[in-house]
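Comments concern the structure below.
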2 protein chains.
Amino acid sequence: MDGFVATFTNRLDGKGRVSVPAPFRAVMAREGHEGVYCYPALDQPAIDGGGQKLQQAIGERLSVFETFSEEHEILSTAFYGESRVLKIDGDGRIVLPDEFREHAGISDSAVFVGQGYKFQIWEPGQFAERQRQARAHLRSVTRSLSSKNPAGGDA
Amino acid sequence: MDGFVATFTNRLDGKGRVSVPAPFRAVMAREGHEGVYCYPALDQPAIDGGGQKLQQAIGERLSVFETFSEEHEILSTAFYGESRVLKIDGDGRIVLPDEFREHAGISDSAVFVGQGYKFQIWEPGQFAERQRQARAHLRSVTRSLSSKNPAGGDA
DNA sequence: TGGACTATCATGGGATGGTATGGGTGTCCA
DNA sequence: TGGACACCCATACCATCCCATGATAGTCCA
């Protein structure tokens, strides 16, 4: 299997460190990347994270625009300016910067949610709520599609 | 590979010195560049800065025009005339020339914003506004592209 | 089958080095 | 001679590194 799969809940210690789930570290190690590429999720109180592939994908989206165009300028401000490359220490932990913790409302524990090519980091309570909504939504969609069910997204 | 990423806010001391964020210095060192190549951003109250890659990008931009054409003259004068190579002292600091500080409205602290191949230096208040714009813009662009999944499905 | 041993992983804390920041001094030139 | 500038030193804080502890799962052997 490749890609980020399953969810893990880990605690932050007094220094603001969290262990990145070992399976996720393995995925990033396979991509050959030091550090976790992260940025605040656009429409959710969560942090998007990933490795080489994620960073590359974002770079490619920007490369569509002319280098000095206003479009490129403003998008690179949003993408790169809000991104961070978090270093993984010898024990597999990262330090979540304050901006990220505020954006996600994370205080003393964090949920790592695999999403294939990337993963997300949530505050446990908000993730539970979001998951309830997602299930409800999936249920209604599934009903409306009746038998045409693609392997229901979440694990 | 990975260029300038993340944002940092640093203070100017009484002599007008600011620390260039260590990760940015590392990027320029990797590019094999002494000093910071800088010029006032064309359409924004900010300073563009970077290393080898930025100089190269500007060179390519100018090379579009015939060497002795009027456009080339005007553009190269505008770019190079306002450019500076700021020396980095032993502690990783630069001195922002008055023209730059005026252009960006910088007084006692400055925000360094990574933009991949270059970075920008802003006055904190003005940057906050710019960042709002950038986020809003990114959101609208992302929505319109939302069917195109970055990093194609899985990794 | 059950129990002990082991490997992996999450977590906590101390120690250390890097980084940002402030200040001092010497030098060169207008 | 004064000011801009380069170079040097001091310090507080924070990130990183290293080691110790606990918990869990998996394995091996009696």
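Protein chains get the first letters and strands the later ones, always in sequence-line order, with residue 1 at the start of each.
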Please set out all donor-acceptor pairs under 3.5 angstrom arising from side-chain atoms of residues 81-88 of chain B, sequence neighbours excluded.
residue : atom : partner : partner atom : Å
B/Ser83 : OG   : B/Tyr37 : OH           : 3.2
B/Ser83 : OG   : B/Phe79 : O            : 2.5
B/Arg84 : NH1  : B/Glu99 : OE1          : 2.5
B/Arg84 : NH2  : B/Glu99 : OE1          : 3.2

- Give the intermediate values and the outcome of side chain to side chain contact (heavy atoms under 4.5 Å, CB included) for residues B/Val18 and B/Arg11. CA-CA 6 Å; B/Val18 229; B/Arg11 295 169 48 83; over 6 Å; no
Atom-pair distance ([atom1] on [X]; [atom2] on [N]), nearest Å:
X	N	atom1	atom2	answer
A/Lys87	D/dC14	NZ	P	18 Å
A/Ile88	D/dT16	CD1	C1'	14 Å
A/Phe24	C/dC9	CZ	P	14 Å

Taking side-chain hydrogen bond (donor to acceptor under 3.5 Å, both in side chains) as the definition, give me every residue that meets it alongside [X], ordered by chain and number, with sequence neighbours left out.
X	value
A/Glu129	A/Arg132, A/Gln133
A/Asp108	none
B/Arg101	none

- Among all residues two or more places apart in sequence or in another chain, which pass the side-chain contact (heavy atoms from CB on, under 4.5 Å) test with B/Gln115? A/Glu73, A/Ser76, A/Thr77, B/Lys118, B/Gln120
- Who are the salt bridge (Lys or Arg N to Asp or Glu O under 4.0 Å) partners of A/Asp98, not counting sequence neighbours? none
- Item | Of residues 95-103 of chain A, the positions that come close to DNA chain D - non-hydrogen atoms, cut-off under 4.0 Å |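 None, since no heavy atom is under 4.0 Å.
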Side-chain polar contacts of residues 63-70 of chain A - donor-acceptor pairs under 3.5 angstrom, sequence neighbours left out - could you list them?
residue : atom : partner  : partner atom : Å
A/Ser63 : OG   : A/Glu60  : O            : 2.7
A/Ser69 : OG   : A/Glu66  : O            : 2.8
A/Ser69 : OG   : A/His72  : N            : 3.1
A/Glu70 : OE2  : B/Arg130 : NH1          : 3.4

- Message: At under 4.0 Å between heavy atoms, how does the protein contact nucleotides 21-30 of chain C? Give one character per nucleotide, 5' to 3', with B, S or -.
- Response: BBBBB-----
